[in-house]
Amino acid sequence: MNKQVVKQGWLLKKGGRRKNWKKRFFVLLDSPKELRYYESDSASKAKGILNLNEITAIKNSTDPRAPNFSFDITTPKRVFVFSAASQEELEEWMNLIKEKVAS
């Protein structure tokens, strides 16, 4: 299966259980339509995979404790919270993910 990378880079991700923030390397794929995250940019095994078809909403984060430039991705099972390094990175990630969800 051909994996077409749309965007890759570092984001902070809020933990699901501990609620602490971890720096993760993210890869947005077009085929398959997934957002994968890794402990490092050299890791071969993904720590997690979000199927873009399961995303029900993408919006600026409503978490009052979230760092600047944060956004939420909602799936039926969980709300993921991410933080980018800048407003420009935030908008680029959100726009590309929204575009892939809609396609």
Side-chain angles (χ1 to χ4, degrees):
M1 186 182 298
N2 182 26
K3 293 182 177 83
Q4 185 178 349
V5 175
V6 175
K7 180 171 175 61
Q8 58 187 6
W10 293 96
L11 293 169
L12 291 175
K13 179 186 146 309
K14 186 176 182 181
R17 291 195 189 105
R18 291 191 180 185
K19 308 298 182 202
N20 57 335
W21 291 89
K22 297 277 190 180
K23 188 175 184 181
R24 297 289 185 233
F25 189 76
F26 283 81
V27 179
L28 178 61
L29 297 172
D30 190 32
S31 178
K33 287 173 56 168
E34 295 174 340
L35 179 62
R36 297 181 181 193
Y37 55 95
Y38 302 83
E39 278 194 8
S40 72
D41 56 357
S42 59
S44 58
K45 186 171 190 250
K47 291 265 314 166
I49 300 172
L50 278 81
N51 181 331
L52 300 186
N53 294 320
E54 294 176 1
I55 294 174
T56 58
I58 305 163
K59 60 183 175 47
N60 287 315
S61 183
T62 55
D63 184 337
R65 296 177 304 279
N68 289 335
F69 318 121
S70 295
F71 63 102
D72 297 342
I73 293 180
T74 305
T75 69
K77 295 179 184 171
R78 180 175 165 195
V79 176
F80 293 86
V81 186
F82 305 99
S83 180
S86 67
Q87 183 66 34
E88 183 180 323
E89 277 289 303
L90 165 77
E91 291 172 7
E92 187 173 359
W93 276 107
M94 285 181 66
N95 290 335
L96 286 170
I97 294 168
K98 284 178 183 177
E99 183 182 299
K100 294 301 156 198
V101 167
S103 67

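Just so it is clear, the values below take in all heavy atoms, side chains as well, and ignore hydrogens, waters and symmetry mates.
In this structure, the separation between OG on Ser70 and CG on Leu90 is 8.0 Å, given to the nearest 0.5 Å. Rounded to the nearest 0.5 Å, atoms CG (Leu28) and CZ (Arg36) are 11.0 Å apart. Here the CG-CZ distance, from Asp41 to Arg24, works out to 13.0 Å after rounding to the nearest 0.5 Å. Atom CG in Leu52 sits 6.5 Å away from atom NZ in Lys33 (nearest 0.5 Å).
In this structure, the side chain to side chain donor-acceptor pair (under 3.5 Å) partners of Ser40, at least two apart in sequence or on a different chain, are Ser42. Tyr37 pairs by the ring-ring contact (aromatic ring centres under 6.0 Å, His included) definition with Phe26, not counting sequence neighbours. Residues passing the side chain to side chain donor-acceptor pair (under 3.5 Å) test with Trp93, sequence neighbours excluded: Glu89. Applying the ring-ring contact (aromatic ring centres under 6.0 Å, His included) rule to Phe71 yields the partners Phe82; only residues at least two apart in sequence or on another chain are considered.
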Validation: residues 57-64 side-chain donor-acceptor distances under 3.5 Å, sequence neighbours left out:
from	atom 1	to	atom 2	distance (Å)
Lys59	NZ	Asp72	OD2	3.3
Ser61	OG	Asp63	N	3.1
Ser61	OG	Asp72	OD1	2.9
Asp63	OD1	Arg65	N	2.8
Asp63	OD2	Lys14	NZ	2.4

What donor-acceptor contacts under 3.5 angstrom involve side-chain atoms of residues 96-103, with partners at least two apart or in another chain?
from	atom 1	to	atom 2	distance (Å)
Ser103	OG	Lys100	O	3.0

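No side-chain heavy atom of Lys47 sits less than 4.5 Å from a side-chain heavy atom of Tyr38. Contact annotation: the side chain of Leu50 approaches that of Ile73 to within less than 4.5 Å [non-hydrogen atoms, C-beta and beyond]. With contacts defined as side-chain heavy-atom distances shorter than 4.5 Å, the pair Ile49/Leu35 does not qualify.
Under the 4.5 Å side-chain contact rule for hydrophobic residues, Leu11 and Met94 share a cluster. Leu12 and Phe69 fall into different hydrophobic clusters, where Ile, Leu, Val, Met, Phe, Trp and Tyr residues are linked whenever their side-chain heavy atoms come under 4.5 Å apart, directly or through other members.
When all heavy atoms of Trp21 and Ala66 are compared, the closest pair comes out as CZ2-CA, 3.8 Å. Across all non-hydrogen atoms, the minimal contact from Lys23 to Trp10 is CG-CE3, 3.5 Å.
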Next on the checklist: Val5 vs Leu29, test: side-chain contact (heavy atoms from CB on, under 4.5 Å). Steps then yes/no.
Outcome noted: CA-CA 5 Å; Val5 175; Leu29 297 172; 3.7 Å; yes

Checklist entry - Please walk me through it: do Thr74 and Phe80 pass side-chain contact (heavy atoms from CB on, under 4.5 Å)? => result CA-CA 6 Å; Thr74 305; Phe80 293 86; over 6 Å; no

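Atom CD of Glu88 has 12 or fewer heavy atoms from other residues, nucleotides or ligands within 6.0 Å.
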